[in-house]
Amino acid sequence: MAFRTLVSTQRKDKPKEITRVLGLSLMAFLMVIVCSTACKKSEEAASGKEVLEAKEGVIEFEGIVKAGVGRYLFVPEASGFDIIIQGQVESGDADTLIDKEIRGKGEFSPDKPSILVAVSIDVKEAEDSWRNVFTRTEEFVIDDYIDLKTRKEFQVLRGISYDKNEGWEGVERVKIFGKLEKETVTEGEEQKDIYRIIILDEKDNEVGKIIADSFTDYAQYYIEKLNLFDKLWFYINVKETVDWRVRRRTRELFNADVLFCGLF
């Protein structure tokens, strides 16, 4: 009686076993296909095929220019790219295109993923009328662009105080959180703009000032691009320390050149 029960149970379980084996076989087959496809893509990437396609890719853009400094253009509709004009547009620098509707083509470079190098730019003049104002004829050269990898090399300047100059002296590149202030002064018969970065701590309290001697086009462009934000991270080159007597009175710590500004 027990033997019959065992045989009956085995017969009932046999279809389940077959189903399980078929299921495992199907999974193994799918895994082979997936692995084969992944290996193929990996080999193509190693051979440079995918990189070559990215380098030769041309992206079309169209929209209204919201910021332009030097050769940098910001068009929000262009998927967040910074558009670079290698050369000059018909009317001068990039700022002459601000608030104008443009369309164009740009080359994408995988080693500078946030940038489109403009190939051509047209300005809209009427409903269906466009006029070409730029066609690239020069080799792409950029000297003030700072990518994410380079930005990570800037150390955060902490523990700022007017009487602790050892905190910044001897350090070349730092990043600091604050807001930009402009003061117009008169020297003789001429007016001059003086820029200072007001350094803020975690509670937005002012802890010192940095005199900004110069800005790269890339830094000015991002200040224009991020004009809705009054507080930014400033990436700077530290220069000479302000004299102690002036530092104690004004809380101006040192002079600096601004290389880049961003939200992080």
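Side-chain atoms are counted along with the backbone in the values below, which use heavy atoms only and exclude waters and symmetry mates.
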For the residue pair [X] and [Y], what are the closest heavy atoms and their distance?
X	Y	answer
A219	V258	CB-O, 3.8 Å
G68	D95	O-CB, 3.3 Å
P113	F108	O-CE1, 3.6 Å
G70	D217	CA-OD2, 3.8 Å

Stepwise salt bridge (charged side-chain N to carboxylate O under 4.0 Å, His left out) check, R173 with E153: CA-CA 8 Å; R173 289 186 164 191; E153 298 172 0; 5.3 Å; no

To the nearest 0.5 angstrom, please state how far the [atom1] atom of [X] sits from the [atom2] atom of [Y].
X	Y	atom1	atom2	value
K100	E125	NZ	CD	8.5 Å
D201	R158	CG	CZ	11.5 Å
Y195	K182	OH	NZ	4.5 Å
L116	K105	CG	NZ	13.5 Å
L232	K179	CG	NZ	12.0 Å

Donor-acceptor under 3.5 Å (D243 side chain, R245 main chain):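 Flag set: sc D243 to bb R245 pair under 3.5 Å.
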
With side chains defined as the heavy atoms from C-beta onward, is the minimum distance between [X] and [Y] less than 4.5 Å?
X	Y	result
I142	K112	yes
F81	I115	no
L180	F215	yes
E62	E101	yes
D93	R71	no
T250	K209	no
L73	I121	yes
E224	I98	no

Plane angle bin for W168 and F254 - parallel if under 30°, tilted between 30 and 60°, otherwise perpendicular: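 Rings of F254 and W168: tilted, as their planes differ by 30° to 60°.
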
Y222 and Y218 aromatic ring geometry - parallel, tilted or perpendicular at 30°/60° bounds: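 Ring orientation, 0 to 90° scale: perpendicular.
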
Pair T150-Y145, side-chain donor/acceptor within less than 3.5 Å: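 No.
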
Check: Y221/D144 side-chain N/O donor and acceptor closer than 3.5 Å: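 No, because no side-chain N or O of Y221 sits under 3.5 Å from a partner of the opposite role on D144.
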
Connected via hydrophobic side-chain network under 4.5 Å: [X] and [Y]:
X	Y	result
L259	F229	yes
V174	W233	yes
V69	I102	no
V119	L97	no
V171	I176	yes

Atom CD of E190: over 12 foreign heavy atoms under 6.0 Å: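 Counting other residues, nucleotides and ligands, CD of E190 stays at 12 neighbours or fewer.
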
Pi-cation contact, Y162 with R251 (under 6.0 Å, within 45°):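 R251 over Y162 ring: yes.
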
Carboxylate-amine/guanidinium contact K149 D147, below 4.0 Å: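 Looking at K149 and D147, the cut-off is not met.
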
Check ion pair K239-D257 (N to O, under 4.0 angstrom):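 Counted as a salt bridge, because a side-chain N and a carboxylate O are separated by less than 4.0 Å.
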
Close aromatic pair by centroid cut-off 6.0 Å: F154 and F260: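 Aromatic pair excluded; centres sit 6.0 Å or further apart.
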
